[in-house]
Amino acid sequence: MAEGTLVTPHLELRRKTAERDRGLREKVMSLEEAASYVSDGDHVAIGGCTMSRTPTALIWALVKARRKNLKISRSIVSSEGEVLYGSGVSNHIITSWFSQGIVWGVSKVMRHHTESGKARFDEWSHMSIGLRYRAGAMGIPYMPVRSMIGSDVNARLGDEVKEVECPFTGERLIALPALNPDVALIHVQRADAYGNAQLDGLQFMDIDIAMAANRVILTTERIVSNDQIRRAPDHTRIPFFTVDAVIEVPYGSAPHECYGVYEPFFDHMDTLAAQTKADPVKGMKKYLDDFYYGPESWSDYLDLLGADALVDAGRRGRSIYND
Amino acid sequence: MAEGTLVTPHLELRRKTAERDRGLREKVMSLEEAASYVSDGDHVAIGGCTMSRTPTALIWALVKARRKNLKISRSIVSSEGEVLYGSGVSNHIITSWFSQGIVWGVSKVMRHHTESGKARFDEWSHMSIGLRYRAGAMGIPYMPVRSMIGSDVNARLGDEVKEVECPFTGERLIALPALNPDVALIHVQRADAYGNAQLDGLQFMDIDIAMAANRVILTTERIVSNDQIRRAPDHTRIPFFTVDAVIEVPYGSAPHECYGVYEPFFDHMDTLAAQTKADPVKGMKKYLDDFYYGPESWSDYLDLLGADALVDAGRRGRSIYND
Amino acid sequence: MTERKNYTASELLAVMSGRILKDGQIVFAGVGIPLLAATLAQGVHAPGLTILFEGGVIGPFVVPGELPPSTNEQRCTRRANMVLPITDVLLLLQRGYIDVGFMGGAQIDRYGNLNSSFIGDPDNPSIRLPGTGGGNDISSLTQMIVAMKHEKRRFVEKVDYITSPGFIDGGSSRADSGLIAGGMYRVVTDLAILSFDEKTKEMQVEALHPGVSAEEVKDNTGFDIKIGDHVARTEPPQKDELAVLRNLDPERLYTA
Amino acid sequence: MTERKNYTASELLAVMSGRILKDGQIVFAGVGIPLLAATLAQGVHAPGLTILFEGGVIGPFVVPGELPPSTNEQRCTRRANMVLPITDVLLLLQRGYIDVGFMGGAQIDRYGNLNSSFIGDPDNPSIRLPGTGGGNDISSLTQMIVAMKHEKRRFVEKVDYITSPGFIDGGSSRADSGLIAGGMYRVVTDLAILSFDEKTKEMQVEALHPGVSAEEVKDNTGFDIKIGDHVARTEPPQKDELAVLRNLDPERLYTA
């Protein structure tokens with residue numbers, strides 16, 4: 001996105017889309033290769049919500065690649081936001097809610113970076129974030145909405161929102177600016193080598209993000225055949241031509257959950273919360289050293305989580321289908 | 001909808017919604033009872049598209065109940081539009097395309113009613129119809145769009161569309177007026193007694209129509225248990241609280257198709273086309289006498305279609321899952 | 001409060017707010033007390049109550065002892081009628097399908113405005129809180145019930161920042177600002193049930209909980225709150241209510 | 001045309017328009033000739049071509065001999081990569097994901113505007129046609145290929161009604177009206193391939209089909225059409241092209 005441009009002009013958006021190779025082609029690669037699809041300064045949208053279907057492995061790869069100055073947007077930001085702030089990969093996060101999770105109280109890492117002015121946290125209402133992606137996905141420059149009106153959330157956003165009047169009813173609404181991220185990072189349960197993705201359970205904002213973005217990097221618990229995708233085309237949620245890279249990454253959301261596959265690694269999250277609560281700077285540095293800079297590969301990272309934790313999270317995750 | 005009001009004002013829409021009993025309750029009834037949910041003069045939106053998942057049984061019940069002056073809207077209108085014009089149930093249809101089907105040429109019944117001025121056919125682009133429902137489903141009074149601009153489709157709609165300017169980019173767009181039908185008629189493969197509906201295959205505009213309407217009458221090939229719905233909640237497309245009536249009607253779309261259950265009854269459609277081509281008035285009258293006024297029940301109607309045709313359409317319908 | 005009470009403040013909150021919910025309603029609930037209270041209501045007097053979660057869930061059954069950590073994980077979807085994208089579940093509020101939004105609160109003011117964003121000056125806050133989530137959308141677009149602890153520092157004359165709008169500056173100011181629907185309905189605390197004056201939109205005491213005095217409410221409220229002479233009094237939590245509640249949260253995650 | 005041709009006019013249309021499609025493109029196709037031509041292209045020179053249907057289908061494989069009656073029935077979804085709501089598949093055009101819209105035409109004018117709504121005065125038409133369907137959306141939002149029979153009554157100076165906009169009044173009038181993207185790319189007929197002048201946006205002859213003379217095109221066009229002195233000539237349909245085509249439509253539903 002051009003610096004300072006809130007909404008990408010339509011012809012520029014079209015030009016970027018036209019330049020992408022959208023033909024039916026295989027695009028399987030490694031996490032390291034995929035990380036090169038993200039440039040310093042990009043606006044990166046993150047799929048999932050809170051501790052669900054977070055593309056942790058991709059964020060891990062971006063931290064290891066020492067990416068800088070990313071502008072991040074997400075529905076609700078959890079510990080991956082602490083990692084992005086703490087590693088210096090991002091100092092600007094756009095979201096509706098940012099903390100590790102309700103049960104752990106207010107994030108000390110978020111507080112440390114925002115209260116000191118080291119990093120920016122732009123707050124929009126949850127639906128507003130979603131409708132900004134949706135407008136971007138639809139190819140319109142704004143979406144009228146009845147929320148945020150009258151609040152300080154709206155007031156604080158200044159010129160980033162505008163008041164409009166309905167030309168039919170005269171009702172006053174807010175115009176939300178379309179959001180077309182440079183890159184979207186999305187983790188799913190299964191996809192084929194072309195990037196056709198099928199999501200089980202909670203969808204969050206992932207479909208709109210994929211449609212809105214100018215590049216999509218997809219990690220998947222497993223790569224399935226295109227034949228399997230074609231057997232249930234009404235389960236496909238993201239079409240291949242929006243996707244630029246596909247990486248098979250088992251446990252790609254750990255320590256967060258992937259619906260029906262594994263639940264959050266609660267003990268790991270407890271430990272992270274305790275050490276950042278004690279000291280947001282040192283606690284986060286230790287976490288990054290231990291789990292990001294230390295392990296050489298994603299397999300090494302999973303080794304650190306430990307087989308017991310992997311098995312336990314998996315058992316809890318699959319239990320959703322036990323009823 | 002108040003006469004002459006293009007867009008329902010938001011507070012009126014909310015009042016109508018608040019008055020509905022939206023609690024989890026059984027609402028299974030007969031076609032005859034359901035027909036009483038539609039009043040003369042209502043705006044009725046019809047689910048499905050062309051010859052797919054048309055709520056034929058409900059239309060059959062409305063014709064038998066001698067409903068009058070309905071304003072009809074649908075994605076694309078096929079032979080059910082000929083029936084509505086011919087029976088006098090409607091003399092005003094809002095759609096993007098109206099004929100029995102491409103393979104049968106231009107509908108003589110549609111031509112007879114529109115060219116003589118007996119009936120109105122308001123033409124909108126296909127996406128515009130969809131976005132009008134979508135705005136209605138979202139609770140916003142209009143949706144900006146980049147289509148229809150510059151054409152006579154737009155010009156002919158006069159004040160029903162307005163030009164707006166994006167407050168961020170200055171781009172010129174068209175504002176489409178939200179459409180909140182009084183009643184939606186929708187046919188699905190399966191639903192529970194509360195109205196939770198799961199749709200297989202093509203979705204058309206049905207989800208938006210259900211969300212936008214002030215009443216929803218649902219016919220379903222079969223009523224399944226709420227337990228079965230809850231086993232795959234990510235397959236539910238229409239939530240129970242938007243639905244006011246549920247009727248189990250096997251072959252409820254015949255002679256049109258229901259995805260995965262039966263394909264169109266092509267011979268029946270050929271016969272209809274031939275007799276309306278020969279004489280649109282007498283041909284349609286005969287069709288109504290034979291298949292609408294004649295049979296006393298939906299079972300009688302299916303009897304007239306014939307066991308061979310039912311079996312053949314079913315075999316072709318299920319074949320989509322043979323691959 | 002009396003010495004005899006056999007329930008915690010959080011349990012009192014859950015019971016009292018659960019009672020306000022009516023059978024057949026559609027309730028957009030947050031985790032914690034709202035979720036517990038709504039599930040309690042389903043079990044006791046409102047079997048046809050439908051719960052919605054922000055993560056995109058319609059009509060789930062919460063499994064006792066497996067309370068979800070937020071509204072966005074798979075535990076929220078147990079035996080749900082439907083799951084759908086976040087934006088679409090929130091749009092149900094805008095369309096008008098939801099009867100009640102039900103959430104907790106960190107700071108509230110005389111006109112029912114909620115703050116969950118900044119303590120102190122937003123440009124230089126003493127505490128940056130996690131933010132609105134769906135709170136702003138819910139409170140902008142439907143009728144609200146808020147459940148929170150009754151403390152002077154939480155009940156303030158004017159919030160530092162309006163995250164979730166109540167009646168803004170009172171009177172008709174909410175509608176004047178463009179929020180033509182919704183608004184605060186009740187605030188339920190461990191001391192009382194609070195409502196809003198029909199005209200001025202100022203918070204007032206609707207009913208006092210068992211053993212709570214008018215003085216106690218005034219002392220714990222950071223602004224002058226109106227209490228009528230003949231204010232109602234709530235019935236204490238009943239055995240069946242507490243039994244259902246304790247079965248739901250045996251580890252007292254949210255009711256300690 | 002020569003006596004020796006071993007193909008029908010419809011087959012010629014399908015072959016010639018199929019050749020224009022490029023491998024890797026995403027094509028929004030109507031049924032009839034467009035669907036046949038796109039499937040032919042997949043089989044001959046563009047295996048990575050993706051077809052989209054208005055009914056909500058992405059990347060289907062059409063089963064030979066089971067051609068769909070419209071773009072909205074289950075036959076359109078055979079071995080598709082994805083099905084989605086109609087509104088969403090049309091929105092892909094607005095977002096810019098589609099390379100080419102490809103449809104048939106009833107009446108076209110000098111500037112590539114299409115009419116499929118009214119013959120005669122729209123207020124008192126001699127024929128009410130079925131209308132736009134997605135035609136208006138497709139032609140408003142992407143680059144267009146139109147395949148149609150070359151007849152004087154179909155190629156008119158000015159259409160009675162612009163259902164699907166081409167270049168409106170020529171020059172910059174399309175963009176001036178607010179249609180900032182898309183526009184007519186090629187019109188393929190049984191006589192020639194037509195393109196549009198870069199500046200004036202007037203229809204012109206790009207290439208003549210085998211055995212067709214410039215005079216023949218002029219005689220069958222209802223306005224003065226420009227034909228260069230050194231206009232190109234297309235290669236006749238090849239055996240493999242006709243074989244694929246006849247396998248697709250053995251009953252000659254669309255290629256009679």
Side-chain angles (χ1 to χ4, degrees), chain A residues 48-52 75-76 78 95-99 101-103 106-107 110-111 114-115 117 121 123-131 133-134 145-156 163 171-174 201-208 257 259-260 263-264 266 269 317 320 323, chain C residues 30-32 54-57 69-79 83-88 90-91 93-94 113 115-118 122 124-141 159-165 168 173-174 176-181 253-254:
Chain A
C49 180
T50 323
M51 289 186 293
S52 283
S75 156
I76 281 179
S78 173
T95 190
S96 70
W97 198 90
F98 182 176
S99 206
I102 288 174
V103 290
V106 184
S107 162
M110 179 278 283
R111 287 193 56 192
T114 56
E115 291 169 13
F121 160 19
E123 181 178 334
W124 295 68
S125 82
H126 204 184
M127 189 167 79
S128 298
I129 297 270
L131 290 174
Y133 289 136
R134 183 155 295 178
V145 66
R146 298 182 189 278
S147 189
M148 292 218 301
I149 299 171
S151 71
D152 286 323
V153 180
N154 183 29
R156 198 169 171 77
E163 192 171 294
E171 290 164 354
R172 286 156 58 205
L173 295 103
I174 278 180
L202 295 162
Q203 310 284 310
F204 307 119
M205 300 179 179
D206 291 17
I207 302 163
D208 287 325
E257 81 168 25
Y259 189 101
E263 273 204 341
F266 287 115
M269 298 293 285
I320 194 88
D323 284 341
Chain C
V31 288
E54 198 168 326
V57 189
S70 86
T71 55
N72 313 307
E73 282 82 27
Q74 67 174 39
R75 286 187 184 188
C76 294
T77 70
R78 289 297 283 271
R79 304 205 68 238
V83 301
L84 70 176
I86 286 175
T87 308
D88 295 285
L90 288 165
L91 282 169
L93 292 157
Q94 184 164 270
N113 301 301
N115 175 19
S116 58
S117 301
F118 299 97
N124 189 19
S126 59
I127 304 177
R128 184 32 158 137
L129 295 170
T132 158
N136 177 282
D137 302 309
I138 300 168
S139 64
S140 295
L141 299 169
V159 288
D160 295 324
Y161 182 91
I162 300 180
T163 307
S164 301
I168 317 279
S173 61
R174 179 181 166 100
D176 294 346
S177 78
L179 292 173
I180 58 179
L253 232 62
Y254 296 108

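Protein chains get the first letters and strands the later ones, always in sequence-line order, with residue 1 at the start of each. Note that the structure is a prediction, hence the values are computed from the model and not measured.
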Undergrad: How long is the gap from NE2 on His126(A) to CH2 on Trp97(A), to the nearest 0.5 Å?
TA: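 Answer for the NE2-CH2 pair, His126(A) versus Trp97(A), is 11.0 Å.
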Undergrad: Counting heavy-atom pairs under 4.5 Å to chain A, which of Val83(C), Leu90(C), Thr132(C), Asp137(C) comes out on top?
TA: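 Maximum pair count with chain A is reached by Asp137(C).
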Undergrad: Measure Tyr133(A) against the heavy atoms of chain C and call it side chain, backbone, both or neither at under 4.5 Å.
TA: neither
Undergrad: So which residue, Ser128(A), Gly150(A), Gly48(A), ends up with the most heavy-atom pairs under 4.5 Å with chain C?
TA: Gly150(A)
Undergrad: Between Pro85(C), Gly133(C), Cys76(C), which residue shows the highest count of heavy-atom pairs closer than 4.5 Å to chain A?
TA: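 Maximum pair count with chain A is reached by Gly133(C).
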Undergrad: Thr50(A) and Glu73(C): which non-hydrogen atoms are nearest, and at how many Å?
TA: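 The pair with the smallest heavy-atom distance is CB-OE2, 3.7 Å.
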Undergrad: Can you name the nearest heavy-atom pair linking Pro165(C) to Asn136(C), along with the distance?
TA: CD-ND2, 3.8 Å
Undergrad: Is it the side chain or the backbone of Ile138(C) that comes within 4.5 Å of chain A heavy atoms, both, or neither?
TA: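 The answer is neither part of Ile138(C).
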Undergrad: Looking only at heavy atoms and a cut-off of under 4.5 Å, which of Gly130(A), Ser147(A), Gly317(A) has the most pairs with chain C?
TA: Ser147(A)
Undergrad: Using non-hydrogen atoms only, which part of Ile168(C) is less than 4.5 Å away from chain A: side chain, backbone, both, or neither?
TA: side chain
Undergrad: Below 4.5 Å, heavy atoms only, C-beta onward: do Asn124(C) and Phe118(C) meet side chain to side chain?
TA: no
Undergrad: Indicate yes or no for a side-chain donor-acceptor contact from Ser139(C) to the backbone of Gly135(C) under 3.5 Å, with no hydrogens or angles considered.
TA: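 Answer holds: yes.
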Undergrad: Name all residues meeting the side chain to side chain donor-acceptor pair (under 3.5 Å) criterion together with Ser96(A); count only those two or more places apart in sequence or in a different chain, and write none if there are none.
TA: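 Applying side chain to side chain donor-acceptor pair (under 3.5 Å) to Ser96(A) gives none.
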Undergrad: Can you confirm whether the side chains of Ser117(C) and Thr163(C) place a donor and an acceptor under 3.5 Å from each other?
TA: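 Yes, because at least one side-chain N or O of Ser117(C) sits under 3.5 Å from a partner of the opposite role on Thr163(C).
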Undergrad: Would you name the heavy atoms of Ile149(A) and Asn154(A) that are closest together and state the gap between them?
TA: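 For Ile149(A) and Asn154(A), the tightest heavy-atom pair comes out as CA-ND2, 4.1 Å.
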Undergrad: Please walk me through it: do Arg75(C) and Glu257(A) pass salt bridge (charged side-chain N to carboxylate O under 4.0 Å, His left out)?
TA: CA-CA 11 Å; Arg75(C) 286 187 184 188; Glu257(A) 81 168 25; over 6 Å; no
Undergrad: Picking from Asp88(C), Ile180(C), Leu84(C), Val57(C), which has the most non-hydrogen pairs under 4.5 angstrom with chain A?
TA: Asp88(C)
Undergrad: With a 4.5 angstrom heavy-atom cut-off, is it the side chain or the backbone of Arg146(A) that approaches chain C, or both, or neither?
TA: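 Both backbone and side chain of Arg146(A) come within 4.5 Å of chain C.
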Undergrad: Got a donor-acceptor contact below 3.5 angstrom from the Tyr161(C) side chain to the Asp152(A) backbone?
TA: yes
Undergrad: Please look at Ser151(A) and chain C and tell me whether the side chain, the backbone, both or neither of the residue comes under 4.5 angstrom of a heavy atom of that chain.
TA: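 Both the backbone and the side chain of Ser151(A) come within 4.5 Å of chain C.
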Undergrad: Give a yes or no answer on whether the side chain of Asn113(C) reaches the backbone of Ile162(C) with a donor-acceptor pair at less than 3.5 Å.
TA: no
Undergrad: Please look at Leu131(A) and chain C and tell me whether the side chain, the backbone, both or neither of the residue comes under 4.5 angstrom of a heavy atom of that chain.
TA: both
Undergrad: On a heavy-atom basis, which atom in Cys49(A) and which in Ile86(C) lie closest, and how many Å separate them?
TA: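 Scanning both residues, the minimum pair turns out to be SG-CD1, 3.7 Å.
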Undergrad: Among Gly30(C), Gly32(C), Ser140(C), which residue forms the greatest number of heavy-atom pairs with chain A at distances under 4.5 Å?
TA: Ser140(C)
Undergrad: Could you look at Ser116(C) and say if it's the side chain, the backbone, both or neither that has a heavy atom under 4.5 Å from chain A?
TA: neither
Undergrad: Between Glu54(C) (side chain only) and Asn72(C) (backbone N and O only), is there a donor and an acceptor less than 3.5 Å apart?
TA: no
Undergrad: Relative to chain C, which segment of Met51(A) carries a heavy atom at a distance below 4.5 Å: side chain, backbone, both, or neither?
TA: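 For Met51(A), the contact with chain C is made by backbone and side chain together.
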Undergrad: Looking at Ser125(A), Ser99(A), Ser52(A), Gly117(A), which one has more heavy-atom pairs under 4.5 Å with chain C than the rest?
TA: Ser125(A)
Undergrad: Taking the basic N atoms (NZ, or NE/NH1/NH2) and the acidic carboxylate oxygens, is any pair closer than 4.0 Å for Glu123(A) and Arg156(A)?
TA: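 No salt bridge links Glu123(A) with Arg156(A).
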Undergrad: For each of Met110(A), Gln203(A), Arg111(A), tally heavy-atom pairs with chain C at distances under 4.5 Å, and name the one with the top tally.
TA: Arg111(A)
Undergrad: Taking every non-hydrogen pair under 4.5 Å, which of Leu179(C), Ile127(C), Asn115(C) racks up the most with chain A?
TA: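 Winner by heavy-atom pair count: Ile127(C).
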Undergrad: Answer with side chain, backbone, both or neither: which region of Asp176(C) has an atom nearer than 4.5 Å to a non-hydrogen atom of chain A?
TA: backbone
Undergrad: What part of Leu93(C) gets closer than 4.5 Å to chain A, counting heavy atoms only: side chain, backbone, both or neither?
TA: neither
Undergrad: What residue, out of Leu173(A), Leu202(A), Thr95(A), Asp208(A), has the most heavy-atom pairs lying under 4.5 Å from chain C?
TA: Leu202(A)
Undergrad: Taking side chain as everything from C-beta outward and backbone as N, CA, C, O, which of these in Val31(C) sits under 4.5 Å from a heavy atom of chain A? Side chain, backbone, both or neither.
TA: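 Interface part for Val31(C): side chain.
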Undergrad: Quick one: what part of Leu141(C) sits under 4.5 Å from any heavy atom of chain A, side chain, backbone, both or neither?
TA: side chain
Undergrad: Quick check on the interface: out of Ser177(C), Pro130(C), Gly131(C), who has the most heavy-atom pairs with chain A under 4.5 Å?
TA: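 Answer, by heavy-atom pair count under 4.5 Å with chain A: Pro130(C).
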